[in-house]
Amino acid sequence: MEPGIALAPGLVHHPGWLDAASRAALQAEVAAVLAAAPAYTPRMPRTGKPFSVRMTNAGPLGWVSDAAGYRYQPQHPETGAPWPPLPPTVLRAWAALAGYAAPPEACLINLYGPEARMGLHQDRDERDLTAPVLSLSLGAPALFRYGGLKRTDPSRSIRLRAGDALVIGGPSRLIFHGIDRVLAAGDLLDPGEPALPELPAGWRLNLTARRVSPPVAGPVAAKP
DNA sequence: GAGTACCT
DNA sequence: AGGG
């Protein structure tokens, strides 16, 4: 597993982990996901207030939020279709960085317009909290804020750029985190084929791979 | 098992 | 910073 920069125990930043070719490949993979599973606007539990971020998913399960609450489900909430397969680049990054044998089951794709934000929150809807969450960034840079295990713990922010990977695991698995703001220009989406017609310059895209359920028990060790 | 991926 |  590659070193990266430990921001806290279990919270590891890998700046520029995806090279230009991998970023282009991932963009093409995201374009395919969006074609099969269009971005939609999630809503807050109970109040139904819309998020500023748009979302879609890939993998056997996807994270969704609406007035009924947060949950993982196998189908797109609007089309009813199963989520498309996990992008190969996400699986490759997981194998290299997650330190977890079983593959991810969900890849949440967050699409941030120039004004989009994500308030401080915990990723705690997964039953398997021993697996890390792996984040990959594309497009415009953004200010990522992270704190501690309590909402009131002090927080810091770092800049995430296109190609950065971030592993959120171990003692940091349940830290509060969010996106303060997307930064203007600077990094545009790499020109790649096929382009992402739904993603104008100035947008940021984040993919988070998650293990939702504990892996089924493997072979039992032989007794002496 | 609160809530709070939101808002003031 | 903190709400109910």
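What's counted below: heavy atoms across the whole structure, side chains too, no hydrogens, waters or symmetry copies. Keep in mind the model is a prediction, meaning the values are calculated, not measured. All chains are named by letter (A, B, ...) in the order of the sequence lines, taking the proteins before the strands, and each is independently numbered beginning at 1.
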statement: By salt bridge (charged side-chain N to carboxylate O under 4.0 Å, His left out), A:Asp128 pairs with (sequence neighbours left out) none

Qualifying residues under salt bridge (charged side-chain N to carboxylate O under 4.0 Å, His left out), relative to A:Arg159, sequence neighbours excluded: none

Round to the nearest Å and state the distance from [X] atom [atom1] to [N] atom [atom2].
X: A:Arg43; N: B:dC6; atom1: CZ; atom2: P; value: 13 Å
X: A:His121; N: B:dT4; atom1: NE2; atom2: P; value: 14 Å
X: A:Arg124; N: B:dG1; atom1: CZ; atom2: P; value: 6 Å
X: A:Asp123; N: B:dT4; atom1: CG; atom2: C1'; value: 14 Å
X: A:Phe176; N: B:dA2; atom1: CZ; atom2: C1'; value: 12 Å
X: A:Asp125; N: B:dT4; atom1: CG; atom2: P; value: 12 Å
X: A:His177; N: B:dC6; atom1: NE2; atom2: C1'; value: 15 Å
X: A:Leu120; N: B:dT8; atom1: CG; atom2: P; value: 16 Å

- request: Sort and list the pairs that fulfil side-chain hydrogen bond (donor to acceptor under 3.5 Å, both in side chains) and have at least one residue in residues 76-91 of chain A, not counting sequence neighbours.
  value: A:Glu29-A:Thr89

Atom [atom1] of [X] and atom [atom2] of [Y]: how far apart are they, to the nearest 0.5 Å?
X: A:Asn57; Y: A:Met55; atom1: CG; atom2: CE; answer: 8.0 Å
X: A:Arg151; Y: A:Ile175; atom1: CZ; atom2: CD1; answer: 13.0 Å
X: A:Leu174; Y: A:Gln122; atom1: CG; atom2: CD; answer: 5.5 Å

Between protein and nucleic acid, restricted to nucleotides 1-3 of chain C and to nitrogen or oxygen atoms under 3.5 Å apart, what atom pairs and distances do you find?
none

Check: A:Asn206/A:Ser135 side-chain N/O donor and acceptor closer than 3.5 Å: yes

- prompt: Can you tell me if A:Tyr72 and A:Arg210 form a side-chain donor-acceptor pair at under 3.5 Å?
  reply: yes

task: Give one of base, sugar-phosphate or nothing for A:Ile179, where a contact means two heavy atoms less than 4.0 Å apart.
output: nothing

- request: Describe the nucleic acid contact of A:Gly119 in one word from base, sugar-phosphate, nothing, applying a heavy-atom distance below 4.0 Å.
  value: sugar-phosphate

message: Taking side chain to side chain contact (heavy atoms under 4.5 Å, CB included) as the definition, give me every residue that meets it alongside A:Ile158, ordered by chain and number, with sequence neighbours left out.
response: A:Leu7, A:His13, A:Phe144, A:Tyr146, A:Leu160

message: For DNA chain B, please output the secondary structure as dot-bracket, reading 5' to 3'. Pairs are Watson-Crick or G-U wobble, both atom distances under 3.5 Å; mark crossing pairs with [ ], other-strand partners with |, unpaired with a dot.
response: .....|||

